[in-house]
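Only one structure is covered here, and it is reproduced in the block below.
All values below were derived from every heavy atom in this structure, side-chain atoms included, with hydrogens, water molecules and symmetry-related copies excluded. Computed from a predicted structure; not experimentally measured. Letters A, B, ... are given to chains in the order of the sequence lines, protein chains preceding strands, and every chain is numbered from 1.
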Amino acid sequence: MLTLKVIRENKDEVIKRLAKKHFDATVIIGKIIELDDRRKSIQYQLDTNLSEQNTIAKQVGKLFAEGKSVEANAAKSKAAELKEKSKEFSQELSDVEAEQKQLLFQVPNLPHDSVPEGTGASDNVVVRQGGDIPPLFDGALPHWDLASKYDIIDFELGVKITGSGFPVYKGKGARLQRALINFFLDCNTAAGYQEIEPPHMVNEDSAYGTGQLPDKDGQMYHIGVDNFYMIPTAEVPVTNIFRDVILHASKLPLKLTAYTPCFRREAGSYGKDVRGLNRLHQFDKVEIVQVQHPDLSYQSLNDMVLHVEGIVKKLNLPYRILRLCGGDMSFTSALTYDFEVYSAAQHKWLEVSSVSNFESFQANRMMLRFKEEGDKKAQLAHTLNGSSLALPRIVAALLENNQTPEGIKMPEVLKPYCGFDVID
RNA sequence: GGAGAAAUGGCAGAGUGGUCGAAUGCGGCGGUCUUGAAAACCGUUGUUCGCGUAAGCGAACCGGGGGUUCGAAUCCCUCUUUCUCCGCCA
């Protein structure tokens, strides 16, 4: 959520920058400012009214103490009138505030200056590419066929137990999941991220805090009886650790990492893009989150990109890093880098990580602030997050790229984690 | 799941209808003293909104929401959470 200060003070600039995200903010920004003017004037009237009430209440006490009950009763009826008015004002105030908030929720984050123009995935800019695409032998298989050939992932069994998009990992397939999770977490903790195991369901406030609500309601699994949401990413519970928190500036940056399963309904997606591990309703992911000083958040973003790149390199996967264009980036992000790995048998680039700086957009919504030593006023912190990494597509690429007629060879770094060298 | 108790500022903890944004202690910050430090002493110490260049002024906040009253941290209703006892359980 953008701050009112930014909207009021840089109205034209805001509208101009949002155009890059193909969002026409002219009308909505105008409405928000108009409501804000109304809000202020109502607040003023309410405060004045309340102030008068407070004064009278004190007088009444004094008058009774002095035994002047006639005057006291007169004051009482005056107070009753004021109270009636206050009630109206505060009702009006909360209506205006609710309406304003609802509008603010609809305005996306401002894209950073370095965000490229563009409308979709084809306009994203490749900033770096690494690793070699492996030549595959004749008869090389896509990962879903490898999965059944070696009996390591059973998609049909998942359908029986739950539904499509809930695979069952078996034997070395299951062990590989555990190996990757541990490997990623170890990489992250070595880089100074504190490991967290958060709840896998969150309440409504948390879903609002990171912006899943109200706009992405249908994408989360919802537990109606308790009004909980299954988390679509660890970002939600982890970032919400800091909801309504004021930190000391000296504590920044805070760096956290968490493994969680992620649950996404992804309604309406089907076809060959969702085959095998390409898109699932439940998948494993290790996430990194940073809370940083506004002056340093872009430095942190770069650090995170380099960190994730290091992990992908260790896995020896061909990868590229994209800077997302205005049309392809998320509602909440100011600048996003996507990581893709090449899945050789599918001949496709698969997104395995998305690293973003949200600047103060999430922080404003959940009141995450920090205080500089000696400063009286708290200011909004910046939040960043990224996958490091999402498992299924990494597994898809690992299986396809490393297959040989004799079996699938594990990358060197994973061997100690897997306890085996080859899936055969 | 049943019965009872509780929720107050960074922490501990007083406060049962007015003068309470809230005693006191600890912690934090500033100062006096000291070669330096400690101790001691003095002062200071939250958040949000509105008005104001500022100093400042006004309003709200004692778990959340609602109510009673001229006036609520204090009384009532409700929700949530925590603790104790019983039951169940990995």
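For the pair Ser333(A)/Asn109(A), no side-chain contact is recorded, criterion being any heavy-atom separation below 4.5 Å from C-beta on.
The side-chain contact (heavy atoms from CB on, under 4.5 Å) test applied to Gln59(A) returns Thr55(A), Ile56(A), not counting sequence neighbours. Remark: Lys31(A) engages Val27(A), Leu103(A) in a side-chain contact (heavy atoms from CB on, under 4.5 Å) (not counting sequence neighbours). Applying the side-chain contact (heavy atoms from CB on, under 4.5 Å) criterion to Gln45(A), with sequence neighbours excluded, gives Ser41(A), Phe89(A). Applying the side-chain hydrogen bond (donor to acceptor under 3.5 Å, both in side chains) criterion to Lys5(A), with sequence neighbours excluded, gives Glu9(A). For Glu71(A), the side-chain contact (heavy atoms from CB on, under 4.5 Å) partners are Leu63(A), Lys68(A), not counting sequence neighbours.
Residues of residues 33-41 of chain A having a heavy atom closer than 4.0 Å to RNA chain B, listed by number: Arg39(A), Lys40(A).
The side-chain hydrogen bond (donor to acceptor under 3.5 Å, both in side chains) analysis of residues 11-24 of chain A, with sequence neighbours excluded, yields the pairs Asp24(A)-Thr26(A). Note on residues 159-170 of chain A: pairs passing salt bridge (Lys or Arg N to Asp or Glu O under 4.0 Å), not counting sequence neighbours, are Asp151(A)-Lys170(A), Asp154(A)-Lys170(A).
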Would you tabulate the side-chain donor-acceptor contacts of residues 415-424 of chain A under 3.5 Å, counting partners in other chains and residues two or more places apart, or write 'none'?
| unit_1 | atom_1 | unit_2 | atom_2 | d |
| --- | --- | --- | --- | --- |
| Lys415(A) | NZ | Glu412(A) | OE1 | 3.1 |
| Tyr417(A) | OH | Asp186(A) | OD2 | 2.7 |

Using residues 223-235 of chain A as the side-chain source, report each donor-acceptor pair under 3.5 Å to any protein atom, sequence neighbours left out, with the distance given to one decimal.
| unit_1 | atom_1 | unit_2 | atom_2 | d |
| --- | --- | --- | --- | --- |
| Asn227(A) | OD1 | His222(A) | NE2 | 2.7 |
| Asn227(A) | ND2 | Glu204(A) | OE1 | 2.9 |
| Thr233(A) | OG1 | Glu235(A) | N | 3.1 |
| Thr233(A) | OG1 | Lys285(A) | NZ | 2.8 |
| Glu235(A) | OE1 | Asn385(A) | ND2 | 3.2 |
| Glu235(A) | OE2 | Gln362(A) | NE2 | 2.8 |
| Glu235(A) | OE2 | Asn385(A) | ND2 | 3.3 |

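Running 5' to 3' along RNA chain B, contacts with non-hydrogen atoms of chain A at under 4.0 Å begin and end at rG18(B) to rG71(B).
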**OP:** Treat a base pair as Watson-Crick or G-U wobble with both distances under 3.5 Å, then lay out RNA chain B in dot-bracket form, 5' to 3', with | for cross-strand pairs.
**Re:** ((((((((.[[[..)..(.....]]]((((((.......))))))((((((....)))))).[[[[[..)....]]]]])))))))....

